[in-house]
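Encoded as C-alpha cells, the structure appears first; notes follow it.
All chains are named by letter (A, B, ...) in the order of the sequence lines, taking the proteins before the strands, and each is independently numbered beginning at 1. Being a predicted model, the structure only gives us computed values, none of them experimental.
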Amino acid sequence: MFRRVARQLPRLGNRHSTVIANACVNRRGKVTDSRYHEELYPGHIPTSPIQKTLLAVGSGIAALQDPYRHDMVAVLGETTGHPALLNLRDRMRNDPEGYRILTERPKIRLSTLDLEKMASLPEGSFGREYIRFLEDNHVTPDSRAHVKFVDNEELSYVMQRYREVHDLLHTLLGMPTNMLGEVAVKWFEAAQTGLPMCALGALLGPLRLNARSLQSLVTSLGPWAVRNGLQARCVLCVFYERRWEQSLDDLRRELNIQPPP
Amino acid sequence: MAASVRPLLERMIFRRSSRAVFVSAADGWRPSPRCYATPSCRSFSGGAAEKSTHFGFETVPESEKAKKVYAVFENVAHKYDVMNDAMSLGIHRLWKDALLRAAHPQPGARLLDVAGGTGDIAFRFLEYVGSQKRRRDGRSASWQDICEKDPGNREEGEEGAARDSRVVVCDINKEMLKVGRRKARRTGLADGVLWVAGDAEELPFDDAQFDIYTIAFGLRNVTHVELALREALRVLKPGGRFMCLEFSKVTHPVLARLYDAYSFQVIPVLGEVIAGDWKSYRYLVESIRKFPAQEELKELLEDAGFCCVGYRNLSGGVVSLHSGFKL
C-alpha cells in the first residue's frame, strides 16, 4: 500500500490541477458526480497493474490471431510501452523541435490538415508525397485509435503522436501499406523507439510473409530499416506540420534516412 | 406466420386497455434505503425536479439511464453470447438450465421472456417442452387417450410442440432481438418464437396472457424495478409464475472477495479484448453491485403482489433465482 501511495505522490500535482480544471469548467453540465476513477485525459481508462498485465497478454493473443485487429495492437502498445514512452518523451524534451511539439501538442487529423493546399504543392515535396500516399493506399489519418490505458497525460500524447507519425513514416521510408511494407516500418520503429509492441510486430510479422517477401526482407529491406532506425534522428521530434513544403529528399537527408533499396 | 399465431400476435401487440401507471405512497410501497429507484408519483405535470438513479457507480438522471443502458446493449449485442461464455466460463448455461428446470413448463404453456434479446431462455423453453411432449407421448396408452382429447395436443412431433407452446421474447433493444432472430433461424427454432420490441416497465401485452414470465439477467438494467414487477403481475394469468434469474450478493466472505476481484479486474479486460468495449462491461459489473440483494428483491416481489415468493442461490450467491406466483 505504501508503494502505491509513494508512486502516486509525484502525480498528485498533475492530477490535482486536472481535477480542479474539470470541476471549474463543468463541461458535462448534468447530474453526474465525479467519476470515482479520475480521467487524466478524454478517453482515459485507469487500470490496475493486474488489469494491465491481463490486457497485455489478452491483446497480444488477440492481435496474433487476427492481425487486422488494430485496436488490440494499440492496446498491446499502451500496456507494454511505459519505459519506452518515458525514453521517447525525454528525447523529445531534449530536442528543441521536440520540446516545441510537447508544448504545442499538434495533432495530425483531417480537420487540421489543409488537403487542397497540400495536394497543390510541387511534386517531390513532403506534403504532396504524403497526400499521394494517403490516396494510393486508401488510408486516412483519422483511423488511429485513441490512447486509453496510458496513465500519464503527457505520455499519452507521445503515444498518440507516435501513432499519427506512423503514416508519415511510410511516406518518409517509401514503404506501402502491404504486409511487407508494414513489417519494414515496424523494424525501423523497433530500432528507433524501443517500444515492445514494435519489437513483437517486427519479430512475428515476418511469419505471415510469403517466401519471396521474406527473402527481400531479410536480405535488403530489413537491414536497411534497422540501420536507418538506429542512425536516424528521432522521428517524433520533427514538426511535420510545418514542413509540408520541404522536399522529401531534403527531409530524408536532414533526418539521416537513406532512400529505400 | 402460422394462422394460429396471428390472432395471438394481434391480441398481444395491441393492448385494448390503455393503462396509466401510478406509483404512489398510498399503494403501500416500502421506501427502500437504496438509490436504485425512488418510488415517486409519476404524474403528468412533469414539473418536479428530475430524479436521479444509478448507472453502475455513476449517478444519472432517470431519463438518461434507459438511453445509456440501450447504448450499452447495442454495443455488446453482436458479442453478447461469446462474452457470456468467456465471463462465466460457460456456467451461465447451467444457470439458465436451472431456471427452466425450476419452471418445469409443460406442453401448452405460454412463456414471456422479458429482456431475453438473444433468446437463450426461449430456445431452452422450446427444447424443454419438446422433450416433455416426447416423454408424454412415450407413456401408457390411457394417458395418451386423455391427452388426445385436449385440442392443444393434437399435433405430433416437434412442429406440434412448437405450435402448442409459444414463447414471446420481449426486449427493449432491437440489436439484441436481431441477434436472437438470427440464432433462431440457425437452430431451426424460429417457428415457436415471437420477437417483440417492448419496455419491461410498460409491456405491450394485454392482461393475463402468460403462464410463465421470466427475466434472466435483465431486471437490474430496468430503471424502475417495481414498475416492471407490476407489469409482470398484470400480464400473468392467475396461477402464473414469475421467475427472475439475476446476479446477487455472495454471502461467503472469501468467495465474495474473489468474485469482486474477478469482476473488476478480469471482466472489463475480457470486454476490451473480445468485444473491444471496456466501458460496457465495467457498467455490467457495477450494475450488479447496485442491484438489491436476495432478501430485498424478495420483499420487492411481495410488495408488487406476488405470493409464495422464494429464492434459491446458485453458485454460492453469485446468481439467485427468485420465484413468485400470481394468485
Practice prompt. Go through the atoms of A:K52 and report whether side chain, backbone, both or neither lie under 4.5 Å from a heavy atom of chain B.
Written response: neither

Practice prompt. Flag yes if more than 12 heavy atoms outside A:R105 fall under 6.0 Å of its CZ atom; otherwise flag no.
Written response: yes

Practice prompt. Flag yes if more than 12 heavy atoms outside B:H78 fall under 6.0 Å of its NE2 atom; otherwise flag no.
Written response: yes

Worksheet, complete the sentence: Heavy-atom nearest pair, B:P268 first then A:Q51, reads CG-NE2, 4.5 Å

Worksheet item: Which atoms form the tightest heavy-atom contact between B:V273 and A:A62, and what is the distance?
Response: CG1-CB, 4.0 Å

Worksheet entry | Distance, nearest 0.5 Å, that separates OG1 of A:T53 from CD of B:Q265 | 9.5 Å

Worksheet item: Where on B:I274 is there a heavy atom nearer than 4.5 Å to chain A: the side chain, the backbone, both, or neither?
Response: backbone

Discussion item. I need the minimum non-hydrogen distance between A:M72 and B:E272, along with the two atoms involved.
Written reply: CE-O, 3.2 Å

Response to the item:
Value for CD1 (B:I267) from CG (A:L54), rounded to nearest 0.5 Å, stands at 12.0 Å

Item to complete: Decide side chain to side chain contact (heavy atoms under 4.5 Å, CB included) for A:V75 and B:W278; before the verdict, give the C-alpha distance in whole Å, the side-chain angles of both, and the deciding distance to 0.1 Å.
Response: CA-CA 11 Å; A:V75 170; B:W278 174 286; over 6 Å; no

Worksheet item: Should we say atom NZ of B:K174 is surrounded by more than 12 heavy atoms from elsewhere, each under 6.0 Å from it?
Response: no

